[in-house]
A.B. asks: 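Quick one: the structure is below, and I'll ask about it shortly.
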Amino acid sequence: MRRIQPVRGTHDLAADEMRRHRHVIEHARTLAARYGFAEVATPIFEFSDVFRRTLGDTSDIVTKEMYTFTDRSGAEITLRPENTAGVARAVIGGNFGERRPFKCFYAGPMFRYERPQKGRLRQFHQIGVELIGAAEPLADIEVIALGAHLLEALGVLDQVTLEINTLADEASRRAYRAALVAHLEAHEDALSEESRQRLKRNPLRVLDSKDEGDKAVLADAPAIDAHLSAEAAAFFDGVCQGLSALDIAFTRNPRLVRGLDYYCHTAFEFTTEALGAQGAVLAGGRYDGLVETMGGPATPGVGWAGGIERLAALVEETVGAVAAAPRPIAIVPLGTRAEAAALGLAQRLRREGLAVEMTYRGSLSKRLKRADQARAAAAVILGDDEMERGVATVRDLDSGAQVEAPEAELGTHLARYAPGP
RNA sequence: GCGAGUGUAGCUCAGUUGGUUAGAGCACCGGAUUGUGGUUCCGGGGGUCGUGGGUUCAAAUCCCAUCACUCGCCCCA
């Protein structure tokens with residue numbers, strides 16, 4: 001029988017890794033709630049149009065990374081490659097209410113058909129927030145502040161740098177794109193093959209090329225700042241000042257652009273050097289055109305998404321192991337009569353809030369070994385001796401100290417051990 | 001999608017210029033100890049050497065393909 005492998009780019013999450021994921025998710029969920037972002041969930045698959053219409057025909061995600069299939073009714077379905085479009089779809093449909101601004105938090109799996117690498121999987125997990133219906137810089141500032149706060153709470157803020165840029169409004173961006181294209185076309189011979197392609201399809205993407213020849217051409221390329229409308233400049237100014245007022249350190253990166261078409265104005269990215277090539281750990285921006293693109297009323301929005309695998313890896317690398325589960329109490333019955341009694345005892349203790357591990361088989365020696373492997377803090381030994389006298393032996397597994405306690409008082413004897421989950 | 005590297009037990013790895021029944025440590029299971037765990041001692045189970053094909057008297061070892069992982073490009077979270 002040949003062993004079946006997991007699908008490429010997918011991972012089983014063992015208890016330790018799952019705990020690291022949960023550590024990230026729970027910090028994010030708690031902080032998001034504190035900022036007024038309530039948790040929601042959208043389906044992990046949508047009609048393909050939800051993504052095709054919003055992400056842009058030239059984006060890599062749409063052109064080659066979507067998991068798309070036809071279901072039994074003939075509908076074209078796509079496993080979500082990101083969650084913003086799904087949230088926007090639900091908001092437009094009124095499924096999340098009519099109150100504006102609408103603020104939400106989400107966590108869940110996303111799917112992209114990519115070449116797997118460290119920190120890059122085909123099924124990966126994101127946390128994210130969206131703030132829909134507020135056009136003010138204050139909204140951008142709060143959204144970014146939440147991201148920074150989360151990174152701080154996870155203990156990794158000093159491992160990342162915040163880069164920020166403005167993509168301006170459409171008119172400014174169009175003017176800038178024209179100037180950029182003119183410059184790039186004048187130096188087309190010096191550009192890499194890929195950048196020449198991008199020049200035609202999505203010229204702004206040339207800006208973050210790592211090719212040395214491209215960089216040389218870009219060195220004296222026009223900057224967007226010269227093309228900003230007064231409003232766009234003021235907006236970006238407002239965001240930067242707000243971040244400074246909150247003591248959130250950032251650097252301006254005029255080459256920072258977004259891969260997805262729906263972004264405008266603020267674009268930001270928390271990146272780290274500690275994770276190799278996949279350094280973006282939490283990133284997002286403003287997407288004022290998105291809701292309208294999807295057929296809703298013109299509605300501004302801003303948000304971010306963070307990669308759970310990447311955040312968890314960064315936490316593990318810089319902070320170390322996350323807190324382990326609470327240590328259980330092990331029940332060690334000896335003999336069939338004791339086993340029957342132990343069942344009820346275990347349930348009783350669990351109802352009192354203790355984590356209780358039953359030992360199922362073997363001699364006392366074997367069962368204590370099991371208790372030890374389960375990281376139990378104490379063992380409750382219940383044998384014929386004890387049954388006769390209506391007591392149980394409580395053994396502290398760290399010190400080896402043992403006391404006998406009447407069964408009714410077991411709860412008090414065990415109270416000094418950590419409560420269960 | 002492109003380039004490079006790696007794949008031997010559950011894990012980390014050794015395995016000589018191709019040469020007989022492929023090893024170690026840790027982990028696991030049992031016993032020493034049918035009422036006392038962690039330490040120790042003894043024993044045991046586990047491998048189609050990633051998979052498929054080829055070369056050869058002979059392949060874990062050489063060749064080809066393929067799959068997976070890792071790193072870079074690309075992309076992004």
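All heavy atoms count here, side chains included; hydrogens, waters and symmetry mates do not. We name chains A, B, ... by the order of the sequence lines, and we start the count at 1 in each one.
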A.B. asks: Write down the distance separating the C1' atoms in B:C49 and B:A59, rounded off to the nearest Å.
C.D. replies: 11 Å
A.B. asks: Under the 3.5 angstrom rule, does the side chain of A:Arg310 hit a backbone N or O of A:Leu282 as a donor-acceptor pair?
C.D. replies: no
A.B. asks: Provide a list of protein-nucleic acid N or O atom pairs under 3.5 angstrom, restricted to nucleotides 3-6 of chain B.
C.D. replies:
{"unit_1": "B:G3", "atom_1": "O6", "unit_2": "A:Arg115", "atom_2": "NH2", "d": "3.3"}

A.B. asks: Can you give one letter per nucleotide of nucleotides 29-45 of chain B, going 5' to 3': B for a protein heavy atom under 4.0 Å from the base, S for sugar-phosphate only, - for none?
C.D. replies: SSS-B-BBBB-------
A.B. asks: Protein-nucleotides 66-68 of chain B N/O pairs closer than 3.5 Å?
C.D. replies:
{"unit_1": "B:C67", "atom_1": "O2'", "unit_2": "A:Gln5", "atom_2": "OE1", "d": "2.9"}

A.B. asks: Rounded to the nearest 0.5 Å, how far does CD of A:Glu39 lie from OG1 of A:Thr30?
C.D. replies: 10.0 Å
A.B. asks: If pairs are Watson-Crick or G-U with both distances under 3.5 Å, what is the dot-bracket string of RNA chain B, marking crossing pairs with [ ] and pairs to another strand with |?
C.D. replies: (((((((..((((.....[...)))).(((((.......))))).....(((((..]....))))))))))))....
A.B. asks: I want to check a possible cation-pi pair here: A:Arg122 against A:Tyr113, using under 6.0 Å from ring centre and within 45° of the ring axis as the test.
C.D. replies: yes
A.B. asks: Can you check the distance between B:G37 and B:G46, where both ends of the measurement are the P atom (answer in whole Å)?
C.D. replies: 29 Å
A.B. asks: Is it true that A:Gln126 and A:Glu82 share a donor-acceptor pair across their side chains at a distance under 3.5 Å?
C.D. replies: no
A.B. asks: With distance as the sole test, does A:Asp214 use its side chain to make a donor-acceptor pair with the main-chain N or O of A:Ser192 at under 3.5 Å?
C.D. replies: yes
A.B. asks: Would you tell me whether A:Tyr287 and A:Glu130 have side-chain atoms, one donor and one acceptor, within less than 3.5 Å of each other?
C.D. replies: yes
A.B. asks: Rounding to an integer number of angstrom, what distance separates B:U61 and B:U8 when you compare their P atoms?
C.D. replies: 13 Å
A.B. asks: A:His11: what forms a ring pair (Phe, Tyr, Trp, His ring centres under 6.0 Å) with it, not counting sequence neighbours?
C.D. replies: none
A.B. asks: Quantified in whole Å, what is the P atom distance between nucleotide B:C64 and nucleotide B:U55?
C.D. replies: 15 Å
A.B. asks: In whole angstroms, how far is the C1' atom of B:C74 from the CG atom of A:Leu207?
C.D. replies: 17 Å
A.B. asks: Suppose you measure atom C1' in B:G18 against the same atom in B:U56; what distance do you get, rounded to whole Å?
C.D. replies: 9 Å
A.B. asks: Which residue, A:Leu121 or A:Lys118, contacts RNA chain B at a nucleotide closer to its 5' end, judged by nearest heavy atom?
C.D. replies: A:Lys118
A.B. asks: Rounded to whole angstrom units, what separation is found between the CG atom of A:Leu311 and the P atom of B:C76?
C.D. replies: 18 Å
A.B. asks: Between P on B:A77 and CD on A:Glu309, what's the gap in Å once rounded to a whole number?
C.D. replies: 14 Å
A.B. asks: Rounded to whole angstroms, how far apart are CE on A:Met66 and P on B:C75?
C.D. replies: 18 Å
A.B. asks: Need one value for A:Gly284: base, sugar-phosphate or nothing, where a base atom within 4.0 Å counts as base even if backbone is also close, heavy atoms only.
C.D. replies: nothing
A.B. asks: Is it true that a side-chain atom of A:Arg337 and a backbone atom of A:Asp384 form a donor plus acceptor pair closer than 3.5 Å?
C.D. replies: no
A.B. asks: Within the side chain of A:Asp288, is there an N or O that forms a donor-acceptor pair under 3.5 Å with the backbone of A:Gly301?
C.D. replies: yes
A.B. asks: If the C1' atom of B:A9 is compared with that of B:G50, how far apart are they to the nearest Å?
C.D. replies: 14 Å
A.B. asks: Rounded to whole Å, how long is the line connecting atom CD of A:Glu65 with atom P of B:C74?
C.D. replies: 14 Å
A.B. asks: Could you measure between the two C1' atoms, the one in B:U33 and the one in B:C41, and give it in whole Å?
C.D. replies: 12 Å
A.B. asks: Round to a whole Å and report the spacing from CZ of A:Arg120 to C1' of B:U70.
C.D. replies: 12 Å
A.B. asks: If the P atom of B:A27 is compared with that of B:U12, how far apart are they to the nearest Å?
C.D. replies: 15 Å
A.B. asks: Hey, are A:Thr271 and A:Glu163 close enough side-chain-wise for a donor-acceptor pair under 3.5 Å?
C.D. replies: no
A.B. asks: What is the ring orientation for A:Tyr176 with A:His227, classed by angle as parallel under 30°, tilted 30 to 60°, or perpendicular over 60°?
C.D. replies: tilted
A.B. asks: Not counting sequence neighbours, list each pair that qualifies as a ring pair (Phe, Tyr, Trp, His ring centres under 6.0 Å) and has a residue in residues 121-155 of chain A.
C.D. replies: A:His21-A:His125, A:Tyr35-A:His149
A.B. asks: Could you label the plane-to-plane angle of the A:His187 and A:His183 rings as parallel, tilted or perpendicular, counting under 30° as parallel and over 60° as perpendicular?
C.D. replies: tilted
A.B. asks: I'd like to know if the side chain of A:Thr54 pairs up with that of A:Thr293 as donor and acceptor (distance under 3.5 Å, no hydrogens or angles considered).
C.D. replies: no
A.B. asks: What's the CD-C1' distance between A:Glu82 and B:A77, to the nearest Å?
C.D. replies: 11 Å
A.B. asks: Ignoring hydrogens and angles, are the base of B:C76 and the side chain of A:Arg310 linked by a donor-acceptor pair under 3.5 Å?
C.D. replies: yes
A.B. asks: For A:Ala277, report the nucleic acid contact type (base, sugar-phosphate, nothing); a contact means any heavy atom under 4.0 Å.
C.D. replies: base
A.B. asks: For residues A:Thr299 and A:Glu292, is any side-chain donor paired with an opposing acceptor at under 3.5 Å?
C.D. replies: no
A.B. asks: Rounded to the nearest Å, what distance is computed from the CD atom of residue A:Gln278 to the C1' atom of nucleotide B:C74?
C.D. replies: 9 Å
